[in-house]
*Asks:* 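Provided herewith is a single structure, encoded as C-alpha cells, for subsequent inquiry.
Heavy-atom basis, side chains included; hydrogens, waters and symmetry copies ignored. The chains referred to below are lettered A, B, ... by the order of the sequence lines, with proteins before strands, and numbering in each begins at 1.
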Protein chains: 2
Amino acid sequence: MNEQAPINLDYSTSEDAPSAREQEVLSVVLDLMVEEGDGFSMASVARRAACSKETLYRWYGDRDGLLTATVQWQASKVVMPKLDDANLSLETFSETLKAFASSWLTVLTGDVSIALNRLAVSHAGNNKSSLGRIVLENGPYAMRTRLLPIFLKGQKSGLINVRGDEAFRLFFGLVIADAQIRALLGDENKPSQNDIKQFAQSAVEQFLTLCGSKI
Amino acid sequence: MNEQAPINLDYSTSEDAPSAREQEVLSVVLDLMVEEGDGFSMASVARRAACSKETLYRWYGDRDGLLTATVQWQASKVVMPKLDDANLSLETFSETLKAFASSWLTVLTGDVSIALNRLAVSHAGNNKSSLGRIVLENGPYAMRTRLLPIFLKGQKSGLINVRGDEAFRLFFGLVIADAQIRALLGDENKPSQNDIKQFAQSAVEQFLTLCGSKI
DNA sequence: CTTGCGTAGTACCGTACGGTACGGTTCTGC
DNA sequence: GCAGAACCGTACCGTACGGTACTACGCAAG
C-alpha cells in the first residue's frame, strides 16, 4: 500500500558507515540544523568542520547530497526494539508498548528530530530533493514497520483485536497526538520527561481498552 | 498556560478586512505557496497579481509582512462551528463532534493547509518571522479554544468525564493521528473523503468510549 | 629527497532574490 | 480639467550563497 517506487535507501549496503571524519562533518551539519534550521550555508559547514568546501562537494556532490547523508546517518542510529515472542503476557505486552511509546515521544520532541523533520517538511514542498520522502521512510513508515510485527504478536496471543494498519494509526494518535506538530510549529511548551511517561502510560492503557480483544 | 506574550493578531480589529484588490494579491500568494512552497519570489507574486513590487512593499513592508497577511487572511476565513447548548443529547453531541472532526481532517489534509503549515514549520526554525507562532495560534490553539467549550458542555451534561486539556489531546490524536505529519512530509497517499468520514466516525466513537462518563 | 595524493583555505564566478528608484499611466477628488 | 496620489512595469543595486578553481601544505610511498 505504501511501499511504492523504493527510493535509494542503501546506506546500509553500499557505503556502509561513514568514516570518523565524515561523521564529524555530518555531526556538524546536525548541529547547524538544530541551531539555524535549513538556513545554514555550505561555507558554515566547512568552517565549523574545519574542512574545505571542495571536500564537501567531492564527498557529497551537492548540498542536497550532504543533507541526505546526514538524514540517513541519523536514521541509522535509531535502534530497533525487540520483543521476545515467547512469554507474551498482557503485562509484558503492555510494558513493551509503554517503553516504546515513551522512547518514541522523547525522540520526536527532541531537538534533532524537530530540526530534521522541519527540514524534511520544508523540502517536501519543493519538488526535487527527496528529503521529505527519506524522512517519511525513516520516520512514520519505519515506526509502522517496527510496530506491525509487535501488534501481530499481540493479536496472535489474543491480546488485541484489530487490523494492523488501524492499530498503528490508533497507537500513533494516542501516543503522539498533537505533540509533534506543536513542536514543529515552535511551541516552547515541550512535554517534560514526566509528562511523556504519563502520556505513554495512559496512551497504552487507552489503546488496550479500545482494541483489547473484545469484539 | 499557553497564552504568553500575546502576539499581534489584530487583523480583526485594526485593518478589518483586506480590500478586494488586496485579496487578489493574497490569493495569488496562497496559490504560489501551494505550487512552489516557500520558494516563490516577490517578483513572481507581482507578476501573477499584475501589480508592481513597489506596491507589495508599500502595502506589506517586506516579504514576511506579506506572508503574515496571507496567513492571517486565510485563518480569518475559517468559521466557528456552533453547538446549541439546549438540547444536548448524546446523539447531538456525537454528531457535532463527528461533523467537526470530518471538517477538521478535510481542512488539515487540504492543499492550502499543507502549504501553510509547511511554511510555518520551516519558518519556526529560523528565529525572526513569527509565522510559526501565528499558525500555532490559529491552528492547534484555535481548535483547542473552539473545542473546549464543546467538551465543557458535554461534561456538564454528563456525557463525558475528563479534564478539558486531556480531552483535547485525546480528540486530536484520535481524529488527526498521523494524517497531518504524513501529508506535510509529502505522502501522496492522502485520505479520500470517504476515509475521512470513516476516520471521523470511529474517532468519535473511540473518544466517547474512552471518556464517556464511566469513571 | 622526491613525487604524488588528499585536503585546508581562499579567491572567484554566476545567479537568484530582496528591496529600491523612477518613468509613465490610471484613478480620484475638487 | 487639473493636481495629486496610487500604481504598473521595469531597470537597477547589494548581498548571499551554491558551486568551482587554484594554491599551499602535510604525509605516505618509493
*Asks:* Regarding Q180(A) and T109(A), do their side chains bring together a donor and an acceptor under 3.5 Å, going by distance alone?
*Replies:* no

*Asks:* Below 4.0 angstrom, which residues in residues 32-57 of chain A have at least one non-hydrogen atom near DNA chain C?
*Replies:* A50(A), C51(A), S52(A), E54(A), T55(A)

*Asks:* Would one find a side-chain N or O of R21(A) under 4.0 angstrom from OP1 or OP2 of dA8(C)?
*Replies:* yes

*Asks:* Given dC7(D), is OP1 or OP2 found less than 4.0 Å from the side-chain N or O atoms of W59(B)?
*Replies:* yes

*Asks:* Over how many whole Å does the gap from E24(A) atom CD to dT7(C) atom P extend?
*Replies:* 13 Å

*Asks:* Are F151(A) and F207(A) close enough that their ring centres sit under 6.0 Å apart?
*Replies:* yes

*Asks:* Can you name the residues that form a side-chain hydrogen bond (donor to acceptor under 3.5 Å, both in side chains) with S52(A), not counting sequence neighbours?
*Replies:* T55(A)

*Asks:* Under a 4.5 Å cut-off applied to non-hydrogen side-chain atoms, are R63(A) and S41(A) in contact?
*Replies:* no

*Asks:* Using side-chain hydrogen bond (donor to acceptor under 3.5 Å, both in side chains) as the criterion, list what pairs up with E35(A), not counting sequence neighbours.
*Replies:* R48(A)

*Asks:* With under 30° as parallel and over 60° as perpendicular, where do the rings of F172(A) and W104(A) fit, or are they tilted in between?
*Replies:* perpendicular

*Asks:* If I take atom CD in residue E22(A) and atom P in nucleotide dT7(C), what distance separates them, rounded to the nearest angstrom?
*Replies:* 9 Å

*Asks:* Does a nitrogen or oxygen in the side chain of R58(A) sit under 4.0 Å from OP1 or OP2 of dT7(C)?
*Replies:* yes

